[in-house]
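Dropping a structure here in structure tokens format, bear with me for questions.
The figures here come from the full heavy-atom set of this structure, side chains too, leaving out hydrogens, waters and symmetry mates.
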Amino acid sequence: MAREADWVKTKRLEFNQQIEQSVKYLLAPGNMERMGFGKGSAQEKWITDVFMPLDESYVEAFDAWANESTRTPLATFDVQQEERKVKAAYRQLYKGFLKDNPLVTNGDLQRMAMPERFDGPRQRAPVAEKHPASRADTSRMRVIRVHFGSESAHGIITRKRKPRGQHAAFLRWALSDKPVTRVEELVNQALDTKTPFEISFPDEDRGKFFYY
């Protein structure tokens with residue numbers, strides 16, 4: 001099954017085989033109408049007027065490049081340009097017309113060498129057993145910014161993103177003029193999905209310690 005992040009092949013021969021498979025299946029008798037590209041529809045017009053001319057130009061350039069007797073520097077340049085243009089349309093065909101189309105099945109996508117839709121239950125990632133690496137930044141007046149990430153070295157966050165599989169970081173904090181010894185004393189709390197988490201406080205709290 002193709003993965004959506006990298007589903008368009010990068011190697012020329014592999015991409016040519018991929019798009020050839022897609023176009024052959026798409027244009028097979030009955031397939032376009034069954035998948036909502038009926039005669040006279042806007043979808044069918046896009047296929048006819050936009051996608052197919054790009055595909056035909058690409059095929060012509062690829063054939064000239066693939067033939068050793070006509071493979072010249074100009075032929076190589078031409079196929080690179082046509083491949084770039086048809087790949088953009090190829091991605092649009094998938095994302096704009098096929099991916100979320102209820103008339104298109106996973107079987108259709110698979111036969112076109114395109115990523116399947118995920119339509120089963122998702123398995124939740126387990127909650128992290130450790131808290132993310134973090135650092136409190138007090139460089140701005142009356143503002144504290146808590147940076148968190150998945151790794152740290154010598155107190156510096158080296159990867160500014162959530163740990164793998166985690167959606168958010170749960171923070172508890174307090175400003176206090178005396179030491180905080182229990183979690184329950186951290187009276188403020190938040191679920192933060194994007195680093196850094198910013199806390200602002202009034203002027204009268206300046207000089208207090210920040211615990212989190």
Side-chain angles (χ1 to χ4, degrees), residues 1-11 15 42 46 50 80-81 83-102 104 106 109 113-212:
M1 181 179 72
R3 293 180 300 165
E4 187 167 348
D6 57 357
W7 67 277
V8 175
K9 303 295 184 183
T10 56
K11 294 182 179 180
F15 171 68
W46 184 86
V50 178
Q80 288 172 343
Q81 298 305 305
E83 186 179 285
R84 178 180 57 81
K85 289 186 286 187
V86 81
K87 277 187 175 181
Y90 190 44
R91 290 181 184 277
Q92 186 178 351
L93 171 66
Y94 171 72
K95 292 184 177 180
F97 296 93
L98 299 174
K99 179 184 175 184
D100 298 319
N101 184 344
V104 179
N106 275 339
L109 295 173
M114 292 177 168
E116 298 175 21
R117 284 191 299 273
F118 184 88
D119 53 8
R122 295 186 182 273
Q123 184 176 1
R124 289 187 177 183
V127 176
E129 296 180 0
K130 300 178 181 179
H131 63 74
S134 59
R135 175 177 63 87
D137 175 6
T138 58
S139 60
R140 292 172 55 187
M141 187 176 294
R142 294 191 298 278
V143 172
I144 298 172
R145 305 175 83 198
V146 180
H147 301 263
F148 64 87
S150 55
E151 296 176 11
S152 68
H154 308 294
I156 299 174
I157 304 300
T158 57
R159 297 186 69 194
K160 295 180 181 180
R161 67 179 91 177
K162 298 182 291 294
R164 184 176 179 83
Q166 304 304 310
H167 174 66
F170 179 68
L171 290 90
R172 295 185 66 154
W173 81 93
L175 292 165
S176 176
D177 50 11
K178 61 181 180 179
V180 170
T181 58
R182 297 183 303 122
V183 172
E184 289 74 19
E185 296 178 64
L186 303 175
V187 293
N188 304 292
Q189 59 187 32
L191 193 66
D192 189 34
T193 59
K194 185 178 180 180
T195 187
F197 179 68
E198 191 169 289
I199 302 165
S200 58
F201 55 91
D203 196 63
E204 57 264 28
D205 283 334
R206 291 181 64 184
K208 292 183 178 181
F209 291 101
F210 172 64
Y211 295 91
Y212 73 100

Stepwise side-chain contact (heavy atoms from CB on, under 4.5 Å) check, Q92 with V50:
CA-CA 11 Å; Q92 186 178 351; V50 178; 5.7 Å; no
Quick one: side-chain contact (heavy atoms from CB on, under 4.5 Å) partners of D100, sequence neighbours excluded?
none
Residues which pass side-chain contact (heavy atoms from CB on, under 4.5 Å) with P202, listed by chain and number, not counting sequence neighbours
E204, D205
ring-ring contact (aromatic ring centres under 6.0 Å, His included) with F197: which residues, sequence neighbours excluded?
W173
Minimum heavy-atom separation for A136 to I144, with atom names?
CB-CG2, 4.4 Å
Taking only residues two or more places apart in sequence or in another chain, which ones pass salt bridge (Lys or Arg N to Asp or Glu O under 4.0 Å) with D177?
none
Among residues at least two apart in sequence or on other chains, which ones pass side chain to side chain donor-acceptor pair (under 3.5 Å) with S139?
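Testing S139 for side chain to side chain donor-acceptor pair (under 3.5 Å), a comparison that skips the adjacent residues, returns D137.
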Who passes side chain to side chain donor-acceptor pair (under 3.5 Å) against Q81, sequence neighbours left out?
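With sequence neighbours excluded, Q81 shows a side chain to side chain donor-acceptor pair (under 3.5 Å) to R84, given in chain and number order.
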Keeping to residues at least two apart or across chains, list the ring-ring contact (aromatic ring centres under 6.0 Å, His included) pairs with something in residues 175-194.
none
Apply salt bridge (Lys or Arg N to Asp or Glu O under 4.0 Å) to R172 and list each qualifying residue two or more places apart in sequence or on a separate chain.
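Once residues adjacent in sequence are excluded, R172 has no partner under the salt bridge (Lys or Arg N to Asp or Glu O under 4.0 Å) criterion.
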Between S134 and V146, which heavy-atom pair has the shortest distance, and what is it?
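Distance-wise, the nearest heavy atoms are CB-CG1, 4.4 Å.
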Rounded to the nearest 0.5 Å, what's the gap from CD on E116 to NZ on K99? Could you check?
13.5 Å
Got a sec, which residues hit ring-ring contact (aromatic ring centres under 6.0 Å, His included) with Y212, two or more places apart in sequence or on another chain?
F210
Taking only residues two or more places apart in sequence, or in another chain, which ones meet Y211 in a side-chain contact (heavy atoms from CB on, under 4.5 Å)?
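In terms of side-chain contact (heavy atoms from CB on, under 4.5 Å), with neighbours along the sequence ignored, Y211 is linked to S176, P179, V180, L186, F209.
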Using the six-membered ring wherever Trp is involved, compare the ring planes of Y90 and F15 and label them parallel, tilted or perpendicular (cut-offs 30° and 60°).
perpendicular
Going by side chain to side chain donor-acceptor pair (under 3.5 Å), name the residues that satisfy it together with E185, two or more places apart in sequence or in a different chain.
T181
Main-chain N/O of M141 paired to R206 side chain as donor or acceptor, under 3.5 Å:
no
Please identify each residue that fulfils salt bridge (Lys or Arg N to Asp or Glu O under 4.0 Å) with R140, with sequence neighbours left out.
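Expected list: E198.
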Working to the nearest 0.5 Å, report the span between NZ of K87 and OG1 of T10.
6.5 Å
